[in-house]
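Working notes for the structure below.
Proteins come first, then strands; the chains are lettered A, B, ... in the order of their sequence lines, and each starts at number 1.
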Amino acid sequence: MGDPLQKGYEPHNVEVKWRRHWEKTRAFTPDPDAPGEPFSIVIPPPNVTGALHIGHALNLTLIDVLCRHARQKGKNVLWIPGTDHAGIATQNVVERSLANEGASRQSLGRWAFVKRIWEWREDYGHRILEQISAMGASVDWTRLRFTMDDGLSAAVRKVFVRLYNEGLIYKGDYIINWCSRCHTALADDEVDHKPDRSKLWHIRYHLADGSGHIVIATTRPETIPGDTAICVHPEDTRYTHLIGKIAILPVLNREIPIITDSYVDKEFGTGALKVTPCHDHNDWMLGKKHDLAFIQVIDENGIMTSESGHYAGLTKQECREQIIIDIQAAGDIVEVSDIEHAIGHCYRCHTVLEPHVSTQWFVAVKKLSKAAHDAVPELTQIFPESWLKTYFHWLDNIRDWCISRQIWWGHRIPAWTCAACGTLTVVEKTPEVCPKCGDPRLAQDADVLDTWFSSALWPFSTMGWPDSTNDLARWYPTSVLVTGFDILFFWVARMMMMGIHFMGTPPFRHVYLHALVRDADGRKMSKSTGNVIDPLEMINKYGCDALRFTLTAFAAMGRDIRLSEERIEGYRHFVNKLWNAARFVLLHVSDAPEPVDIENVSGLHHQWILHRLETVKAQNDQALTEYRFNDAAQTGYKFLWNEFCDWYLELVKPDLDPKAENQQRTVRYVLWLVLRETLILLHPIMPFVTAEIWQALPAPQDAAATDFGTDLAREPYPAQRPGCVRKEQAQRMEFVQAVIVAVRTIKAELNIAPSHKTKLILISADSVHAALLEENRAMIMTLARLESLTTATDIQVPKASASAVVQGCQIIVPLLGTVNLAGELQRLEKEFTKLEKELVTANKNLLNESFTTRAPAEVVEREQKRAAKLMESITTLQSLKNRFAEALAEEQTME
RNA sequence: GGGCAGUUAGCUCAGUUGGUAGAGCACCGCCUUCACACGGCGGGGGCCACAGGUUCAAGUCCUGUACUGCCCACCA
């Protein structure tokens with residue numbers, strides 16, 4: 001600590017140093033008994049096998065900004081980190097690596113395979129944790145959790161058993177989405193619907209009584225062996241005469257009934273639908289409704305079963321080709337057309353899914369969804385609000401949740417079947433014998449639970465539930481959940497249901513759904529497209545603070561972020577700017593400055609910067625409490641760069657001249673104070689660079705020499721100083737700034753080098769302005785780079801001069817040598833037209849009687865003042881123009 | 001088929017109760033000023049998608065249209 005600032009900011013060493021310091025001092029490990037309003041967040045747990053991607057980077061940055069800000073505000077902050085075992089995803093990863101060794105999970109066996117995954121997790125699970133740390137996330141590492149920890153696993157079993165006993169978990173036959181590659185069932189929302197080009201075959205089914213035929217349209221002829229009915233719309237007059245008749249299945253020659261249901265779309269295909277209850281979700285529903293036969297013709301490996309006649313043993317693709325040939329041969333293919341439709345893919349491995357009938361475990365979420373609906377927005381508010389409808393719609397149309405997965409990595413289902421009497425026992429602890437018959441031959445259900453089952457418990461299982469812990473008492477429910485909208489259903493809604501059911505309270509007060517990070521062209525980032533921006537690479541190149549600032553600055557509510565490397569590079573400049581501003585301050589403030597009474601400080605520039613600081617403090621705080629991250633970043637950026645650096649630092653330079661002894665005390669103190677508080681404001685967004693500057697900055701004279709003085713992460717948010725709020729003084733400063741800018745513009749437009757010192761004459765409209773300009777002549781002299789300054793209310797103006805008008809005040813820059821009078825006149829004309837245009841719009845309102853009578857008095861007054869000022873400026877400009885015209889005329893006469 | 005966003009400067013986007021259109025980057029000039037060239041100063045550039053409506057006043061509120069994107073859904 002206490003290192004001086006080197007010439008250039010080098011992020012890497014600084015980041016490592018502070019990460020170590022914060023970890024060593026347990027800066028982010030809160031004490032449940034400590035005072036302060038509780039503030040808690042649970043991390044959206046990344047997959048153990050995953051690597052940090054830009055989405056994590058955004059998520060972690062936003063959460064960290066909130067947590068660090070909450071700490072500054074004196075809250076007792078807990079941020080729990082952790083990882084998710086990610087069942088299918090992790091199993092797939094390890095299976096792939098096994099395949100490289102020529103092995104498979106089957107060859108290893110269940111026990112060895114699971115052991116292998118645990119080993120894998122030992123190696124790679126730490127990688128993601130290290131990466132979370134690299135983002136600067138102020139998590140409490142002492143409370144690190146993993147969804148398959150003993151504690152969390154116990155919570156999973158408890159929840160399962162309780163829901164089972166309450167009748168909210170049941171086992172049943174159902175048509176589910178089957179991935180024949182992952183070899184498991186998937187929940188409805190794990191299905192990825194992607195458009196696919198296919199053929200639509202129109203096939204003739206003959207009637208059993210020989211009286212004719214009916215033509216159906218299908219995209220899946222291989223399921224024909226599983227047909228158990230044909231269905232038409234009851235009001236479809238084309239088919240009325242066929243209802244109740246029997247049709248003959250092509251090739252297999254089985255008899256099936258022709259039934260009716262209004263589900264059928266008369267417009268699609270031929271209006272006649274073949275019903276295959278075992279291999280289509282809708283057909284399943286029709287089969288149940290009309291009590292049809294259920295014939296499974298495709299097995300879980302995608303192979304035709306013995307029910308499919310002579311197609312048995314073929315793959316479903318081979319069967320499709322063969323059956324078409326066979327039907328074609330019989331002359332019953334009526335038509336083949338192209339069709340584009342959506343088919344389901346596995347969201348993990350992208351294999352085409354097969355609807356499949358099997359016995360699975362379900363959660364009766366229909367019974368849990370109402371409470372989750374009703375808790376919003378009274379108990380839990382969702383931001384941005386545009387997601388409300390989506391959330392409600394999903395809950396209101398929810399279907400029971402299939403939670404069993406036929407994989408090996410995950411929480412085993414705590415259900416045992418007795419080999420002797422067949423009794424199913426669902427208990428938390430592995431039973432020794434069957435509770436019914438006492439037989440010890442018990443077989444545990446082979447399935448594991450959907451990953452999202454344990455994730456749904458995350459907000460309370462991580463705090464030690466089912467024990468009643470201090471953490472739960474202090475920090476449940478959590479303050480806010482920050483996550484991407486893409487897992488609103490997978491995760492957020494399910495946490496709501498479980499939290500309410502088991503804790504009696506929804507798990508969060510706020511839900512903030514942030515955007516997706518896309519590439520510069522708005523495309524989703526993906527490895528296959530090759531357009532990913534790797535956060536770690538960005539940290540390496542530009543520093544963590546630059547990355548964090550970029551993500552924060554672009555995190556406007558409800559909008560996707562289009563990110564490109566150039567933006568991060570751009571914000572690195574800001575980090576550098578801050579660094580150099582600090583170096584400048586440290587050049588002059590090397591030890592603790594003597595306090596001055598800043599509420600009564602003299603000097604317009606000091607009053608102005610202190611006033612601005614107060615405004616920015618309030619705005620920054622407000623923005624963060626409203627999740628307007630981009631506004632918070634923007635506010636800090638503009639203040640530091642455009643006000644503190646561009647103006648204040650330049651303004652104090654003359655004061656810092658050793659000859660200006662009497663000014664030094666005030667300047668040093670204000671410089672120090674403003675930088676200090678700016679560092680606090682920026683710290684949540686840019687923790688590293690601010691912490692490093694902070695420790696180099698002298699501590700207050702009265703501060704105890706403890707860690708609290710040198711670690712910015714422990715510094716409270718600066719209190720408001722109402723005495724420093726001085727709007728009028730700030731406006732005066734703005735007037736002086738406008739005068740300076742006017743002079744600079746004249747110089748620039750006349751191609752006079754900025755360093756060339758000119759004379760300046762200021763002719764004020766009134767004595768107040770005159771006094772103001774006279775009082776601040778030093779500022780104007782320096783920043784406008786003048787040789788001399790004359791202020792007056794009336795003076796003989798040299799004819800050869802450039803001029804401008806600011807709020808009625810004439811800016812006269814006398815010119816030496818040859819002057820392009822015509823060019824100068826043109827410049828004034830341009831300005832004149834601009835002002836006139838403004839006056840026209842102002843007058844349009846003022847001359848309108850309905851405006852003056854109906855608009856609020858203050859608006860009318862403001863408009864009048866504006867018009868008056870414009871008039872003043874226009875008059876002045878007019879006289880300047882006249883003078884130039886005269887001079888020009890003289891010049892021409894002389895020639 | 002339903003729902004939700006978006007359309008503002010060349011590009012990416014702000015614009016919080018309606019009250020004089022903003023930023024960053026890019027662009028054009030000038031500047032090796034002792035914190036910073038990852039810099040300074042100045043400048044150009046916009047019928048706020050389109051059409052109506054409400055209002056004294058609309059980028060902002062309402063209705064419709066056109067594109068763009070996303071989510072949900074059982075069209076075989």
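Distance from the side chain of A:V741 is smallest for B:G42 among the nucleotides B:A14, B:U16, B:G42.
In this structure, the side-chain hydrogen bond (donor to acceptor under 3.5 Å, both in side chains) partners of A:W401, at least two apart in sequence or on a different chain, are A:D450. Checked against ring-ring contact (aromatic ring centres under 6.0 Å, His included), A:F554 has no partners two or more places apart in sequence or in another chain.
Across the protein-nucleic acid pair, A:N848 atom CG and B:U55 atom P stand 14 Å apart, rounded to whole Å. The CG atom of A:N620 sits 15 Å away from the C1' atom of B:U16 (whole-angstrom rounding). Note: CD (A:Q737) to C1' (B:C41) measures 14 Å, nearest angstrom. The distance from atom NZ of A:K747 to atom C1' of B:G40 is 14 Å, rounded to the nearest whole Å. Rounded to a whole Å, the CG atom of A:D631 is 12 Å from the C1' atom of B:G22. Regarding A:L846, its CG atom lies at a distance of 12 Å from the C1' atom of B:A57, rounded to whole Å.
The ring of A:Y391 has its center no closer than 6.0 angstrom to the ring center of A:W387.
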Fill in the blank from the handout: Whether each nucleotide of nucleotides 69-76 of chain B has a protein heavy atom under 4.0 Å at its base (B), only at its sugar-phosphate (S) or at neither (-) is summarised, 5' to 3', as -S-S-BBB
Exercise for the section: Sugar-phosphate means primed atoms, P, OP1 and OP2; the rest is base. With that split, encode nucleotides 24-35 of chain B 5' to 3' as B, S or - using protein heavy atoms under 4.0 Å. Expected result: -----SS--B-B
Fill in the blank from the handout: For RNA chain B, the dot-bracket notation using Watson-Crick and G-U wobble pairs below 3.5 Å, [ ] for pseudoknot-type crossings and | for other-strand pairs, is (((((((..((((.....[..)))).(((((.......))))).....(((((..]....))))))))))))....
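Proximity of A:L551 to A:L563: side-chain heavy atoms (C-beta onward) are separated by under 4.5 Å at one or more points.
Among the atoms of the strands shown, only primed sugar atoms or phosphate atoms (P, OP1, OP2) are found under 4.0 Å from some heavy atom of A:R744.
A salt bridge (charged side-chain N to carboxylate O under 4.0 Å, His left out) check over residues 271-282 of chain A, counting only residues at least two apart or in different chains, returns the pairs A:D227-A:K274.
Taking the centre and axis of the six-membered ring of A:F584, the NZ or CZ atom of A:K653 falls inside the cone set by 45° and 6.0 Å.
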